[in-house]
Structures are given as structure tokens and as C-alpha cells.
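What follows is a set of notes on a single structure, which appears directly below.
Since we're looking at a predicted model, the values are computed, not measured. The chains referred to below are lettered A, B, ... by the order of the sequence lines, with proteins before strands, and numbering in each begins at 1.
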Amino acid sequence: MKLTGAQIFFECLKKEGVEVIFGFPGGAVLDIYHEMPNHPIRHILVRHEQGAAHMADGYARATGKVGVCLVTSGPGATNTVTGIATAYMDSVPMVIFTGQVPTPLIGNDAFQEVDIVGITRPCTKHNYLVKDVNDLARIIREAFYLARTGRPGPVLVDLPKDVIQASTEFRYPKAVHLRGYRPTVEPHQGQIHRAWELLKTAKRPVLYAGGGVIISSAHKELLRLAEMLQAPVTTTLMGLGGFPAVIKKENGERVLHPLWLGMLGMHGTFRANMAVQNCDVLFAIGARFDDRVTGKISGFAPKAKIIHIDVDPTSISKNVLVDIPIVGDCKKALQRLNELVEKEPIENLEEIRFPWLDQIRQWRETYPLAYKQEGEGIKPQYVVEKIFELASEDAIITTEVGQNQMWTAQYFHFTRPRTLLTSGGLGTMGYGLPAAIGAQVAFPDRLVIDVAGDGSIQMNIQEMMTAVCNDLPVKIAILNNRFLGMVRQWQELFYNKNYCATCLDASPDFVKLADAYGAVGLRATKPEDVEPVLREAFSTRRPVMMDFWVNPEEGVYPMVPAGKEISEMLLV
Amino acid sequence: MSMTRPNGLKHTIGVLVENQPGVLSRVAGLFSGRGFNIESLTVAETNEPGLSRITLVTTGDQHILEQIIKQLNKLVNVIKVFDFRDTEFVEREMALIKVRAEQHTRAEVLRIVDIFRAKVVDVSPHFYTIEVTGDDGKIQAILELLGQIGIVEVARTGKAALARAKKH
């Protein structure tokens with residue numbers, strides 16, 4: 001039986017197990033929307049296409065499944081570009097379907113025509129323009145396969161209107177044949193042996209884990225390795241949740257894991273940065289030596305031999321030369337390595353490791369992450385700590401970008417993978433709210449909190465409506481400092497306190513705004529308001545926007561000025 | 001240890017690609033987007049239907065070259081990358097050179113053409129157009145000699161390269 005392109009589209013999505021699409025209709029995709037009610041798929045109507053892309057991203061990060069969005073041609077397509085680039089930088093599996101003008105009109109500057117395949121070529125893992133309905137099923141199959149395998153990433157499929165209207169026999173390819181795409185997943189056993197030989201002799205090892213640990217679900221293997229080697233662990237922003245930052249004592253009290261160093265890099269902890277700068281073996285696991293991690297690259301980990309696991313060979317020896325490269329899936333590589341360690345445990349490990357762990361303990365005690373909640377004003381760090389204290393362990397935290405993001409990374413102690421969703425690579429303000437909505441769609445019963453700033457929340461605030469009308473009870477905690485805080489901090493430190501264009505003294509009344517959207521608005525202006533506001537928000541089964549009036553001039557510390565070595569931290 | 005990006009040596013790379021729309025743009029975009037140089041680039045179909053071969057010449061040190069090769073391999077439409085660093089290979093380029101050829105210089109031009117085993121492919125009252133094939137050194141040499149007589153225009157193809165077959 002012949003099916004139309006639109007019908008084939010939904011049959012393919014069914015085969016891929018897609019349950020939800022984040023989208024916004026328009027002329028070029030009307031045939032797909034016309035067909036939609038005949039299929040049991042859920043569609044979340046967004047208010048701006050950027051929101052659709054970030055929701056698909058948040059959904060994908062929270063679940064590990066491929067996020068899907070559907071938008072029309074021209075402006076619908078271009079509005080997704082920031083969301084696509086965000087997903088690309090953080091290796092998030094997504095398939096983006098864009099409408100396109102009919103094939104005979106392509107290249108004619110038709111109404112709502114844009115070369116979205118050209119525009120997104122550098123920010124997708126791959127992209128396609130479907131020119132023939134007979135290719136549609138194969139291309140959709142390939143798109144999902146590419147998005148979720150190897151190093152995951154967004155794949156865009158551009159769908160001209162006449163292709164969607166045309167008909168053909170539907171056959172879903174059983175297998176994918178891509179001659180030029182064969183990611184190396186199985187690590188080379190010889191390299192694993194070399195890594196173990198080096199780790200065995202290390203006196204001051206550090207495990208440096210990135211987003212790859214989360215993507216490959218290697219968190220258990222990482223913990224096991226850290227325990228067997230008694231090696232301290234730091235993670236990147238993307239790796240938070242890949243190692244349990246805190247453990248529960250018998251009395252229920254949560255204390256820092258003894259091997260946990262905290263995040264490293266520009267706003268990393270003192271002990272993490274010092275440990276990296278003084279270690280003799282640095283073991284990078286699914287991390288990519290980003291400039292926000294390394295600081296001045298020639299001075300990064302100067303005493304260390306470096307081992308690096310990554311599924312993407314281009315990440316290895318790109319910024320920092322690696323002594324033992326291991327191309328492959330983090331989980332598989334760590335499993336192989338752990339087998340070797342189990343067979344041949346290091347003798348007198350406690351004794352060997354004591355001086356190093358003791359040194360780290362001293363660094364932690366000398367310069368712990370700290371702030372003082374004193375006086376009338378609310379410290380933003382205090383809000384984040386209270387959120388950590390009151391949120392359930394399976395809560396999902398999203399952030400915007402800037403100070404809110406860094407305080408979350410520092411003061412919320414993540415213990416589970418896929419509980420922090422944040423735009424690490426691209427640094428996209430406006431990511432947090434739609435990402436929270438995407439996560440809440442996947443997990444309607446979990447607490448999902450967007451930690452936001454008063455600047456970034458306004459970049460996609462229209463998605464409040466999406467949350468309200470789809471009954472998605474996300475919580476938004478605005479750390480309202482009446483500034484674009486991180487930019488203001490840079491102006492304070494490096495631009496002679498010239499606060500040009502960073503003061504936001506004119507913002508909407510967020511409580512009234514929440515009300516206008518049909519959500520709940522709450523406000524805290526004094527430290528003692530913080531806990532009651534959070535408690536009320538967390539027990540409300542509706543979207544809640546919390547407006548915390550925090551100290552306007554609070555900064556994020558430690559801070560490594562751009563271009564400095566990561567041991568050169570400004571501490572307060 | 002850090003890596004800088006000085007202008008290093010020239011390298012020739014072969015890239016076997018699926019003949020899909022946009023594939024050249026993906027390769028070229030990779031170079032411009034990541035700040036790699038392209039000195040020359042040629043592309044044409046191969047003997048295998050659906051496959052094209054790109055030969056490009058780039059500059060950079062070993063680390064940059066390593067990164068270029070990895071990034072090329074990462075493109076979904078790229079089937080194979082030929083890294084000629086450790087292989088013997090032949091490379092050739094063709095140039096069309098339009099040179100001023102007046103009464104008193106014609107003989108000299110023809111002599112140069114003969115020495116380089118080039119060909120005159122177009123003749124007009126005041127100009128010869130010459131076709132010459134060779135490696136970089138040969139093309140440079142003939143350009144230099146003809147330049148003294150008066151070159152009007154030059155069109156070069158860029159290099160095409162293949163690895164030498166194994167002798168045993």
C-alpha cells in the first residue's frame with residue numbers, strides 16, 4: 001500500500017519509538033500536522049521554535065533517548081539554530097525536522113525559504129535535504145541512527161512540501177548502511193593495558209570525568225575505579241552527576257564523598273584545580289579539555305602523564321597532547337580497565353595514597369567553597385544550597401547561563417547522572433526553562449527546577465505558557481540580582497567597573513508575570529523567606545516562578561581569569 | 001604540552017567521498033570553520049559510481065595535520081582519507097598559461113614548451129596558450145621562465161595525487 005510522505009514520517013517515528021514531538025506548525029509542514037491526529041504521538045506546542053529545540057534537548061539529556069522537534073521552513077527553521085548548536089556542543093542526540101518550500105521552488109527565494117541545510121552544516125552531526133519521497137524512510141532511519149550512536153549529536157532533516165505530499169510504498173530499512181560512518185566503540189585492549197600500567201605506578205592520580213561518562217552511563221564504573229584506585233575525582237560542568245558528590249551517613253546526614261574534588265576549571269574548587277596542577281597521572285574520561293577547564297593550556301597539568309578515553313578521536317590530542325589515547329565508549333573502556341584492576345589490586349594502597357589524599361584534604365580545609373549568609377540580603381549561594389537541601393534526590397536541575405549556572409555547579413551536590421541539564425559548550429542563555437519543560441514531559445512526577453537569572457530567564461520566558469497549558473509543573477528559581485551578573489562580574493574585575501549595558505533595573509514583576517501566564521508566582525526578599533518559598537513551590541503541583549531578590553554584587557569564586565593557569569585563582 | 005598553529009609544511013591529502021549534494025561544502029566548511037588552510041583543492045568522480053575523490057593541499061604542523069585528518073574522517077560522507085605523510089605518492093597538476101607571443105619571442109616560447117614537454121593548445125596573432133603537466137617544481141619553473149616573456153593569464157587545476165603501488 002502506498003503512503004504519503006506525511007504518513008511515512010509518522011510510521012518512521014513509531015518505528016523509532018518516538019513518543020513526543022516538540023513543535024510549531026507553519027505552511028511548509030501543514031501536511032504533517034494534518035496527518036498528526038491519526039497517530040498516537042504526543043505533540044507539545046511551543047511558543048517559539050528555539051523553545052522546541054531546547055525542550056527536545058532537555059528531554060534527550062534527561063532520558064538518554066533521541067529528542068525530536070518539528071518546525072516549519074524559513075524562520076521556523078532558523079529559530080531552532082541556537083538550540084541545535086547548543087545540542088551539538090554538548091553531544092545531545094536530537095533529530096530536527098524542518099519544513100522546506102516545494103522542490104521546484106528551492107533556490108528561488110520563495111516565501112519562507114531558507115537554506116537550513118547550509119546554515120546548520122557546521123552545527124549538526126549530519127544533515128539531509130530529502131529530495132525524493134522514496135528516500136524519506138531511509139533518511140529518517142539514518143538520522144536517528146547517527147543522532148544516538150558514537151558521539152551523539154543533532155541531525156537535521158529538511159522536508160520539502162511536495163516530498164511530504166508525494167506517495168510511495170513504505171518500507172523501513174532493517175539496517176543502516178553508511179560507508180563513511182563507523183564509530184569506534186570497543187576500546188583497544190592494548191591501550192587499556194598501557195593505561196593500567198601507568199595508573200598502577202601513579203602516586204598522585206586524578207580522574208577527570210566529562211559528559212561522556214553521563215552519555216555512556218559509565219557512572220558506576222567510574223565510582224568503582226575511583227574506589228579501587230583510591231583516586232580523587234573531578235568532573236567538568238557536563239560531568240556533574242557522573243560521580244556522587246555527597247554520600248549519606250548512617251544518621252542520614254549528607255557529607256562530601258572523600259574522593260570528590262568538585263568541578264575543575266575557571267570556577268572550579270581550589271582543591272580540584274590544585275590537584276590537577278600537581279597530579280602525576282591525569283585520567284580524562286569522556287572530557288575534551290575545553291578552555292574553561294584548562295585555563296592557560298601550556299600550563300595545564302604540567303606534571304602529569306595523560307590518559308584519555310573518548311569515543312570521538314578528534315577530541316584526543318586536540319588541545320592537550322595525550323600520552324595514552326583510548327578511542328572508544330567510556331563505559332566499555334572503564335569495564336575493561338576495572339577487570340584488570342580487580343585481578344591485580346594495588347598492594348598497600350592506603351599507605352601509598354595517604355600523602356596525596358591528605359594533601360587534598362588540606363587544600364579542601366584551607367579554601368573550601370564558602371560564602372557567608374549575613375545581613376538583610378539573600379546570598380544567591382544560600383538559595384542554591386537550600387534548593388539542594390529541600391529537593392528530592394531524583395530532582396532534575398536545569399540552569400540558564402552565567403552566575404546562576406556556576407553557583408548551581410558549586411553548591412548543588414549532584415549524585416546521579418542526568419540530573420543536571422545545562423548548556424556547557426555553547427553557553428546558551430534561555431536554555432534552562434525550555435530544557436526543564438522537556439525534562440518534565442519525560443518525567444511528569446519528578447521535581448524539575450530551573451535555576452535562573454533575571455537576565456537569562458527572559459530569553460525564553462514565553463515558554464511559561466507551554467508549561468502552564470501542558471500542565472507541566474516546572475519550578476523556576478530566579479536569582480534576581482538586577483544585573484547580567486556574570487558579565488557584570490567580568491566588568492568589575494577586568495573592565496574597570498565600567499558596568500556598560502549590564503544593569504537590569506527595569507524587569508517585569510515576575511510574580512505578576514507568573515500570574516498572567518496562569519502559573520504561581522512567589523517572592524523572597526529576606527533570607528528567612530527562602531525556605532518557606534521553596535517549600536511552598538515544591539509542594540505545588542503547578543508551574544511556579546520564584547523571585548529571589550539576591551545581593552546584586554555577589555560574585556562567583558574561585559575564579560581563574562581568562563588566560564591564566566588554573567592554579568592562579570581569585571579566591572574572593 | 002601546548003599546541004600552536006604556525007605555518008608548517010605543505011601536505012597533500014586524498015579524500016574519498018560519497019558523491020552527495022553538499023559534500024564539497026562540508027569539506028571546505030570544515031577547513032574554513034576550523035581555521036585550516038587550503039592551498040589547492042581538486043575534485044572529480046572516480047571509477048566507482050557514486051564516489052568522488054578530493055585531493056587537497058594544506059599547510060600546518062603535525063598536530064594540525066592530525067586534527068585535519070581526524071576531522072575529515074568524522075564527516076559522514078567521507079569514506080576514506082589518504083594521508084600521504086608516510087607513503088610514497090605521485091602528484092601532478094596541470095596549468096594552462098596564456099603567454100604573450102610576438103614575432104621576436106615566439107621561438108623562445110616554443111623552445112621552453114619543448115624543454116618542459118608542454119603543449120601549445122591555442123594560437124592567436126599575439127598569444128599562445130600552453131598546457132603543461134607536472135609536479136609543483138616543474139610548474140613553478142615554467143611559470144618563471146615564461147614570466148620573463150610575459151604571462152597574461154594562468155589557470156591551474158590544483159594537485160591530484162595517488163599513492164604509489166607497492167613494489168613487491
Side-chain angles (χ1 to χ4, degrees), chain A residues 106 115 117-131 135 139 142-143 145-147 149-151 153 155 158 176-184 289 291 294-302 304-306 310-323 325 327 565, chain B residues 1-6 8 13-36 38 43 45-54 56 58 60-83 85:
Chain A
I106 289 178
D115 174 15
V117 169
I119 288 172
T120 58
R121 209 166 270 144
C123 62
T124 49
K125 185 168 172 184
H126 196 56
N127 59 16
Y128 294 91
L129 169 64
V130 187
K131 285 186 174 162
D135 296 333
I139 287 177
E142 288 177 7
Y145 178 75
L146 285 168
T149 55
R151 178 176 182 178
V155 179
D158 202 18
V176 172
H177 300 287
L178 289 163
R179 278 182 72 180
Y181 179 74
R182 285 191 209 94
T184 306
F289 297 85
D291 56 278
T294 61
K296 184 180 170 185
I297 202 124
S298 58
F300 181 71
K305 291 256 185 208
I306 300 177
D310 207 296
V311 76
D312 178 0
T314 69
S315 289
I316 296 178
S317 289
K318 179 170 66 178
N319 302 330
V320 171
L321 279 187
V322 168
D323 298 285
V327 178
E565 289 179 16
Chain B
M1 204 182 132
S2 72
M3 281 176 255
T4 52
R5 295 189 166 185
I13 299 170
V15 193
L16 192 64
V17 298
E18 285 176 311
N19 202 352
Q20 297 281 337
V23 66
L24 186 58
S25 156
R26 286 182 206 279
V27 171
L30 170 68
F31 277 73
S32 60
R34 294 193 177 267
F36 303 141
I38 299 182
V43 53
E45 289 185 326
T46 64
N47 57 326
E48 196 177 335
L51 295 191
S52 288
R53 188 172 173 117
I54 298 173
L56 51 86
T58 183
D61 61 21
Q62 291 297 320
H63 300 127
I64 292 174
L65 203 65
E66 200 67 47
Q67 190 59 213
I68 289 173
I69 289 164
K70 285 176 176 175
Q71 293 285 358
L72 283 168
N73 268 313
K74 192 170 159 180
L75 294 176
V76 172
N77 293 140
V78 168
I79 290 172
K80 194 166 184 207
V81 180
F82 301 90
D83 169 8
R85 274 177 301 179

Measure [X] against the heavy atoms of chain A and call it side chain, backbone, both or neither at under 4.5 Å.
| X | answer |
| --- | --- |
| B:Leu51 | side chain |
| B:Val78 | backbone |
| B:Leu75 | backbone |

Decide, yes or no, whether a salt bridge links B:Glu48 with B:Lys80 under the criterion of side-chain N to carboxylate O below 4.0 Å. no

I'd like to know if B:Arg26 pairs up with B:Glu18 as an ion pair, taking the criterion as any Lys NZ or Arg NE/NH1/NH2 lying under 4.0 Å from an Asp or Glu carboxylate oxygen. no

Taking atom types as modelled and ignoring hydrogens, do the side chains of A:Tyr181 and A:Glu142 form a donor-acceptor contact shorter than 3.5 angstrom?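 Absent: no donor and acceptor within the cut-off.
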
Does B:Lys70 have more than 12 heavy atoms from other residues, nucleotides or ligands lying within 6.0 Å of its NZ? yes

Would you say B:Lys74's side chain and A:Thr314's backbone share a donor-acceptor pair under 3.5 angstrom?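 Not a single qualifying donor-acceptor pair exists.
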
Which one wins on heavy-atom pair count under 4.5 Å against chain B: A:Thr294, A:Val117, A:Asn127, A:Ile306?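 Highest number of pairs under 4.5 Å: A:Asn127.
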
Partner chain B: residue of A:Arg151, A:Arg121, A:Lys296, A:Arg182 with the largest heavy-atom pair count (under 4.5 Å):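 Heavy-atom pair counts peak at A:Arg121.
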
